Number of protein chains: 2
Amino acid sequence: MPRAVKKAQTSTGCSVERALSLIDGKWKIVILYKLLRGTLRFNELRRLIPGVTQRMLTHQLRELEADGLIVRVVYAQVPPRVEYSLSTRGQSLEPVLLALKHWGDTNLSSREAEAA
Amino acid sequence: MPRAVKKAQTSTGCSVERALSLIDGKWKIVILYKLLRGTLRFNELRRLIPGVTQRMLTHQLRELEADGLIVRVVYAQVPPRVEYSLSTRGQSLEPVLLALKHWGDTNLSSREAEAA
DNA sequence: CATCACGGTATCCTTTTTGACACTATGGGC
DNA sequence: GCCCATAGTGTCAAAAAGGATACCGTGATG
């Protein structure tokens with residue numbers, strides 16, 4: 001998303017905007033979506049999301065973590081092992097994620113989505 | 001939102017992404033949100049959304065129209081009169097908009113939103 | 001010894017988005 | 001005649017986001 005408003009900046013003030021600023025980013029929703037089903041490691045996410053680069057994935061994960069939507073757990077092992085999972089707050093996004101998916105499934109039947 | 005995926009491009013294929021690409025843009029959600037309550041004219045929207053510039057508002061409205069989410073009606077008058085309202089498809093987004101707002105209201109109490 | 005996997009970083013470049021600002025047509029009001 | 005409002009458009013430039021590519025350390029594998 002071009003970018004939503006900077007972190008919780010009460011412009012129009014509405015919570016919708018603030019909410020959006022947290023899930024704004026080309027991959028965030030997908031990441032959250034994949035994590036709905038459970039914990040995943042960095043490269044598992046990478047494989048589940050075709051097209052994302054390492055840099056982008058790292059970047060988006062860090063932002064999600066900073067916004068308290070996901071939890072990052074590092075295991076001091078070699079090779080490194082880092083697990084990502086939804087935080088309580090992230091889990092509370094489930095209804096939104098599902099509403100979005102439902103809408104997409106219902107109103108965007110692949111290509112013939114031109115009928116207003 | 002920096003930008004979601006280009007128009008309905010089945011990357012991860014998931015409908016969530018496609019749905020997002022339609023509502024991606026710094027002002028789209030707010031516009032749709034304002035229109036939930038009914039038809040509005042260009043300058044009414046402009047006044048309701050502080051911070052948006054004429055160019056941006058026009059731009060976002062055109063994209064929403066192109067995606068079939070809103071309807072634009074021009075009255076051949078002077079001064080010009082253009083009314084915007086949600087299309088059927090746009091209206092079907094209501095659950096998503098509300099879920100988002102509800103989540104925002106519930107999980108983002110202004111500033112103390114740091115608790116994971 | 002060379003290579004692979006893991007989970008990143010760092011750097012550079014391009015594309016996309018957004019913002020600033022000026023300009024337009026027309027009719028009415030003063 | 002001059003100014004106002006409406007609903008834009010056009011151009012330019014800045015900022016932000018995203019992508020490509022290379023590199024790192026370590027231990028196990030072959």
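Keep in mind it's a predicted model, so treat the numbers as computed, not measured. Just so we're on the same page: letters track the sequence lines, and every chain starts at 1.
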Discussion item. Is it the case that C/dG7 (base atoms only) and A/R41 (side chain only) share a donor and an acceptor within less than 3.5 Å, ignoring hydrogens and angles?
Written reply: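 Looking at the base of C/dG7, it does not pair with any donor or acceptor on the side chain of A/R41 (distance under 3.5 Å).
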
Worksheet item: Between B/T39 (side chain) and B/S85 (backbone), is there a donor-acceptor pair under 3.5 Å?
Response: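 Here the side-chain-to-backbone pair does not exist.
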
Fill in: Test item: A/R89 side-chain N/O and A/D67 main-chain N/O as donor-acceptor pair under 3.5 Å
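Yes.
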
Worksheet item: Under a 4.5 Å cut-off applied to non-hydrogen side-chain atoms, are B/T58 and B/F42 in contact?
Response: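 The answer is yes, as the side chains (C-beta and beyond) meet within the 4.5 Å cut-off.
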
Practice prompt. Provide the closest heavy-atom pair for A/I70 versus A/Y84 in the form atom of the first, atom of the second, distance.
Written response: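 Result for this residue pair: CD1-CD2, 3.8 Å.
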
Worksheet item: Is any side-chain N or O of A/K26 closer than 4.0 Å to OP1 or OP2 of D/dG19?
Response: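 Answer yes for this pair, as a side-chain N or O of A/K26 is under 4.0 Å from OP1 or OP2.
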
d([atom1], [X]; [atom2], [N]) in whole Å:
X: A/W27; N: D/dA16; atom1: CH2; atom2: P; value: 22 Å
X: B/L57; N: C/dC21; atom1: CG; atom2: C1'; value: 17 Å
X: A/M56; N: D/dA20; atom1: CE; atom2: C1'; value: 11 Å
X: A/R55; N: D/dA22; atom1: CZ; atom2: P; value: 15 Å
X: B/Y84; N: D/dA7; atom1: OH; atom2: P; value: 8 Å
X: A/Y75; N: C/dC6; atom1: OH; atom2: P; value: 16 Å
X: B/K28; N: C/dT17; atom1: NZ; atom2: C1'; value: 11 Å
X: A/H59; N: D/dA16; atom1: NE2; atom2: C1'; value: 10 Å

Item to complete: Would you indicate what A/R46 reaches in the nucleic acid, counting non-hydrogen atoms under 4.0 angstrom: base, sugar-phosphate, or nothing?
Response: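 Nothing, no nucleic acid heavy atom in range.
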
Practice prompt. Indicate, with a heavy-atom threshold strictly under 4.0 Å, whether A/Q60 touches base, sugar-phosphate, or nothing.
Written response: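 Contact class for A/Q60: sugar-phosphate only.
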
Worksheet item: Could you walk me through whether A/R81 and A/E83 pass the salt bridge (charged side-chain N to carboxylate O under 4.0 Å, His left out) check?
Response: CA-CA 7 Å; A/R81 175 189 185 78; A/E83 292 187 343; 2.9 Å; yes

Worksheet item: Quick one: on DNA chain D, does A/T53 or B/R72 contact a more 5' nucleotide (nearest heavy atom)?
Response: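 Nearest nucleotide further toward 5': that of B/R72.
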
Item to complete: Could you pick out which residue, A/P80 or A/Q54, lies toward the 5' side of DNA chain D when each is mapped onto its nearest nucleotide?
Response: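 It is A/Q54 whose nearest nucleotide is closer to the 5' end.
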
Worksheet entry | Out of D/dA7, C/dG27, C/dG8, whichever nucleotide has its closest atom nearest the side chain of A/F42 |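 When the side chain of A/F42 is considered, C/dG8 is the closest of D/dA7, C/dG27, C/dG8.
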
Worksheet item: To the side chain of B/P79, which of D/dT6, C/dG7, C/dT9 is closest?
Response: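 Within the option list, the nearest is D/dT6.
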
